Undergrad: 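Here it is: the structure, laid out below.
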Amino acid sequence: MRERYDPEQIEGKWQRSWEQEKLFQASDDPGRKKHYLLEMFPYPSGKLHMGHIRNYSIGDVVARYKMMRGYNVLHPMGWDAFGMPAENAALENETHPAKWTYDNIGYMKSQLKRMGFSYDWDRELATCDVDYYKWEQLIFIKMYERGLVYRKKALVNWCQECQTVLANEQVEAGRCWRCHGEVDKKELEGWFFRITAYAEELLEYCDKLPGWPEKVIAMQKNWIGKSIGAEIDFPLEDGDGAITVFTTRQDTLYGATFMVLAPEHPLVLELCKGRREEAEVRSFVEKVRRQDLIMRTAEEMEKEGVFLGTRCINPLTGRRMPIYTANFVLMEYGTGAIMAVPTHDQRDFEFAKKYRIPMIVVIQPPGEELDQATMTGAYTGDGIMVNSPPFDGMDNRQAMEAIADYLEEKGVGRRAVNYRLRDWQISRQRYWGAPIPIIYCDHCGVQPVPEEDLPVVLPLDVEPKESGRSPLPDLRSFVETTCPRCRGLARRETDTMDTFVESSWYFSRFTCPDYDQGPLERERLEYWMPVDQYIGGIEHAILHLLYSRFYTKVLRDMDIGSFDEPFINLLTQGMVITDGAKMSKSKGNIVDPDDMIERYGADTTRLFSLFAAPPEKDLDWKEEGVEGSYRFLHRVWRLVHELRNYLSEQPHPKVRSDLPRDLWEIRQKVHKTIKKVTEDIERFHFNTAIAAVMELVNHIYQTKDEIEDTPLARSVWQETLESLALLLSPFVPHIAEELWEGLGKEVSVIKAPWPEYEREAIAEEEILVVVQVNGKLRDRLLIPASAEEQEIRERALASPKVKRHIEGKAVKKTIFVPKKLVNIVCA
RNA sequence: GCGAGAGUGGCGAAACUGGUAGACGCACUGGACUUAGGAUCCAGCCCGUCAUAGACGGAUGGGGGUUCGAAUCCCCCCUCUCGCACCA
């Protein structure tokens, strides 16, 4: 063991050793209790950033801890390797997306290895490998057969920048989730996954995920957006047919005085056709359509609309309701049409005021009388029904049920549940993705590629186009094919799948990455899944996590797996920031992991990222803090280097009276630290776990020079240093191995069992009891642990510091908390 | 607007079920060792008052409450962060 801690000297050495010994290889051994630990796999963008480092450092603590705890740990790593940046980079650097991607994977893998993460690299997978996506294509076909995949023409979100369609979840405040460019609406035909078929189950299971952060659960519930209400049909005044609306407030139906359709609603142009309003309606619809999403969803968007020149009939009142189209009604939600009740909905109120549409109050708040003529805003609360003849006097909550019954009875409406969740649009007009395995035949129509013809290989002999458009549609060798049914000439689908499809099942594939008979091998899948602990960024709270949950249920229903949910426990870690701001190239505040590793080593980098903040909080990267972590490791090193000359394998007595006081205290501190670190790792409080080890080290520094070199001391030092190496090993594995070896151990520290604290060792001889008078701290007493309550009370009252405060006062009562405190209450 | 969360020293943060507020680290200050130190070791480090040891008082965004006792529980308010956002 060298005198000076030199990470460069030891880190590579141990990384090679772990690799040679295959220490992190998970065995598919059903006889052992498993622990599947997973961190979100990275997109191979070029190099790791600090967010990755933090994410994977957190995961590695848990993985190594669980290994030492005797679990059969699966801790895999792979690459979310399809995606747009590869295409952009390929253009910029005149390379091929595949080459760019695989080069990046190579480099980032070397970075992960330099960090010493405990991955089972034998299970590595990249989603752009045919061996991976061919199974995705098979799953697609099976979903198609089950009606979970369908093709439709729809108004979709189009990202100009990315030249592709985006799913609803991928639009954030009107902008693209990746490039933050503006998103337009565009009518396009594409493929959809019927995720809405699982809306109810996805929602229901939100409450069966106690291991998930509440925040994420709330976001998912919110996104699914279930609302319970009714569908009501409003017959058209002229001609046949009716407009159906969805409402959650059927209790206000008697107050519905007009109807509003979304500008995109197909009836809008149909209804105004040939009327004098037609031109105005057309220009309004055009105007709204030109407004982009950002404008349309802006905070103070003025409510505007136009009359279609025709009316419909309120099915319960018979009232003639003018039909409008307006910018505040969304085609995406409900039926794209609303019944407007200006008295009890603020938006309808504003609209009615602006266009002078009549209002009728139908709910009176308790102890108040609303008048439609003088109201200044809608009343949305509960109350008593009025102006709704059969229901007048009824509580509106009851009326909701009663009116729903009445509608069903009369056949003009029905109870209905509506979800905000839309089907998942998965067609991407991009090259670097998994081809959608579909063939179009002029005679036979849409044909899925037969199983035996899979995979549809993404051709690599293409050049990306300057325009960003996919080269696939122009690639005759790809497009031209034969119809699997009639053998005639046919065309291949040239869209590729959303890359979120790959990441929706990769965690399952890790259980059997080499399986070649199907996407997943039952036995291994069932052994390892579900993931016991998943760790990643909060930015995936909806997108990736919702899709993965959906996919898991789909696979279950195909009888591929028997579990309902993919991730039992979820930890969402905070961002890594510098000076309070997110790291970004434009701000120039990026901290480069390579630079950190080079200057301080992997262990210091890991230690700081774990110590500076608890995992869920944002972490401010501070050079001074990194120095502090580096200093601590040097301090540990020097300690072991010095004390290793005074060790003995001889077991020492465990009975307190057989050890001198100072040695006993060291032993007690060691065992208290074991307890604290163990508990803190279990609850992911890594920062306080590390603080506890620092305390131990401080304690040893303060006492070591006073301790005589005796055989007893030597065996206590032995236990102390061994514990230190063991406790540090999940956090800073390289130095821990080196210290462990320095203590004469020949087998890796990770093979050693995690230390257990001894109950007798942490037992206190004396207890610090706090004495309060009227809740104010007055004295601290060291009391023998064996003392009885009566004795402690007496000693508390006898304390001079206490006496001073109770003198001349009557003691009303004393509160006694065993082993903690005495509170004397006096007048 | 709806939903979730957070406000504690100069800074990052501790305090598990109410029971010593500020562990641990950073920064800072002083001392020791030293030719030197930005190395290392030791010590100090919330604010105020009393000249001191020490004592007393105040302090966990603000205000109220429950309690012998509140950073922690309840109510009101303020600020910030995140998510959704004309959701019918």
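Model, not experiment: these values are computed from the prediction. Naming convention: chains lettered A, B, ... in sequence-line order (proteins, then strands); numbering from 1 in each chain.
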Undergrad: With respect to the side chain of A:Arg420, which nucleotide from B:G19, B:C87, B:G25 is positioned closest?
TA: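 Given the options B:G19, B:C87, B:G25, the side chain of A:Arg420 is closest to B:C87.
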Undergrad: Which listed nucleotide (B:C16, B:A88, B:G69) is nearest to the side chain of A:Asn823?
TA: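 Closest nucleotide among those given: B:G69.
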Undergrad: Using atom CD1 of A:Ile323 as one end and atom P of B:A88 as the other, report the distance to the nearest whole Å.
TA: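 After rounding, the reported distance stands at 22 Å.
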Undergrad: Could you check how far CE of A:Met400 sits from C1' of B:A88, rounded to whole Å?
TA: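 Distance, rounded to whole Å: 12 Å.
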Undergrad: What nucleotide, of B:C24, B:A88, B:C68, holds the atom closest to the side chain of A:Asn698?
TA: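 For the A:Asn698 side chain, the nearest candidate turns out to be B:C24.
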Undergrad: Hey, are A:Glu642 and A:Lys704 close enough for a salt bridge, meaning a charged N less than 4.0 Å from a carboxylate O?
TA: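 Yes.
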Undergrad: Could you tell me how far apart A:Lys622 (NZ) and B:A13 (C1') are, to the nearest whole angstrom?
TA: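 So the NZ-C1' distance, A:Lys622 to B:A13, works out to 12 Å.
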Undergrad: My understanding is that a pair needs two contacts under 3.5 Å, Watson-Crick or G-U wobble. By that rule, which nucleotide pairs with B:A88?
TA: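 Partner of B:A88: none found under 3.5 Å.
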Undergrad: Output the rounded distance in Å from CD (A:Glu627) to P (B:C26).
TA: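 Rounded to whole Å, this separation is 10 Å.
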Undergrad: According to a strict under-4.0 Å criterion, is A:His685 in side-chain N/O contact with OP1 or OP2 of B:A13?
TA: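 Negative; the distance criterion is not met.
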Undergrad: A:Thr688 side chain: which of B:A13, B:A23, B:A88 is closest?
TA: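 Nearest to the side-chain atoms of A:Thr688, counting from C-beta on, is B:A23.
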Undergrad: Separation of A:Ile700 atom CD1 from B:C24 atom C1', in whole Å?
TA: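 After rounding, the reported distance stands at 15 Å.
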Undergrad: In Watson-Crick or G-U wobble terms, both distances under 3.5 Å, what is the partner of B:A23?
TA: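 Checking every strand shown, B:A23 finds no partner, since no pair has both distances under 3.5 Å.
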Undergrad: Sort me out a list of protein N/O and nucleotides 53-57 of chain B N/O pairs below 3.5 Å, or just none if empty.
TA:
| from | atom 1 | to | atom 2 | distance (Å) |
| --- | --- | --- | --- | --- |
| B:A55 | O3' | A:Arg804 | NH1 | 3.2 |
| B:C56 | OP1 | A:His805 | NE2 | 3.4 |
| B:G57 | OP1 | A:Arg778 | NH2 | 3.2 |
| B:G57 | OP2 | A:Arg778 | NH1 | 2.8 |

Undergrad: Distance check: side-chain N/O of A:Gln702 vs OP1/OP2 of B:A43, anything under 4.0 Å?
TA: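 Indeed, a polar side-chain atom of A:Gln702 lies that close.
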Undergrad: Please enumerate all protein N or O atoms sitting under 3.5 Å from an N or O of nucleotides 36-40 of chain B, with distances to 0.1 Å.
TA:
| from | atom 1 | to | atom 2 | distance (Å) |
| --- | --- | --- | --- | --- |
| B:U40 | O3' | A:Arg638 | NH2 | 2.9 |

Undergrad: Taking atom P in both B:G22 and B:A36, compute the distance separating them and give it to the nearest angstrom.
TA: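 B:G22 and B:A36 have their P atoms separated by 39 Å.
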Undergrad: A:Trp223 side chain: which of B:G25, B:A85, B:A88 is closest?
TA: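 Among B:G25, B:A85, B:A88, the one nearest the side chain of A:Trp223 is B:A85.
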Undergrad: Between A:Leu768 (CG) and B:U20 (P), how many Å, whole number?
TA: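 Distance check: A:Leu768 CG to B:U20 P gives 10 Å.
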Undergrad: What integer distance in Å separates A:Lys813:NZ from B:G69:P?
TA: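 To the nearest whole Å, that distance equals 8 Å.
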Undergrad: Could you label the plane-to-plane angle of the A:Tyr630 and A:His634 rings as parallel, tilted or perpendicular, counting under 30° as parallel and over 60° as perpendicular?
TA: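 The rings of A:Tyr630 and A:His634 stand perpendicular, inter-plane angle above 60°.
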Undergrad: Please write out the pairs of protein N or O atoms and N or O atoms of nucleotides 79-82 of chain B separated by less than 3.5 Å, giving the distance to one decimal.
TA:
| from | atom 1 | to | atom 2 | distance (Å) |
| --- | --- | --- | --- | --- |
| B:C82 | O2' | A:Lys215 | NZ | 3.2 |

Undergrad: Mind checking who B:U17 pairs with, Watson-Crick or G-U wobble, both distances under 3.5 Å?
TA: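 Pair assignment: B:U17 / none.
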Undergrad: In whole Å, what is the span from the CG atom of A:Leu821 to the C1' atom of B:U67?
TA: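 Rounded to the whole Å, the gap is 13 Å.
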Undergrad: Looking at the side chain of A:Leu330, which of B:A13, B:A88, B:C26 is the nearest nucleotide?
TA: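 Ranking B:A13, B:A88, B:C26 by closest atom to the A:Leu330 side chain puts B:A88 first.
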Undergrad: Give me the atom names and distance for the closest heavy-atom approach of A:Val591 to A:Met50.
TA: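 In terms of heavy atoms, the two residues are closest at O-CG, 3.6 Å.
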Undergrad: Could you check which of B:A13, B:G5, B:C24 has an atom nearest any side-chain atom of A:Ala691?
TA: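 When the side chain of A:Ala691 is considered, B:C24 is the closest of B:A13, B:G5, B:C24.
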Undergrad: Using atom C1' in both nucleotides, what's the gap between B:G64 and B:A70 to the nearest angstrom?
TA: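 Taking atom C1' in both B:G64 and B:A70, they lie 14 Å apart.
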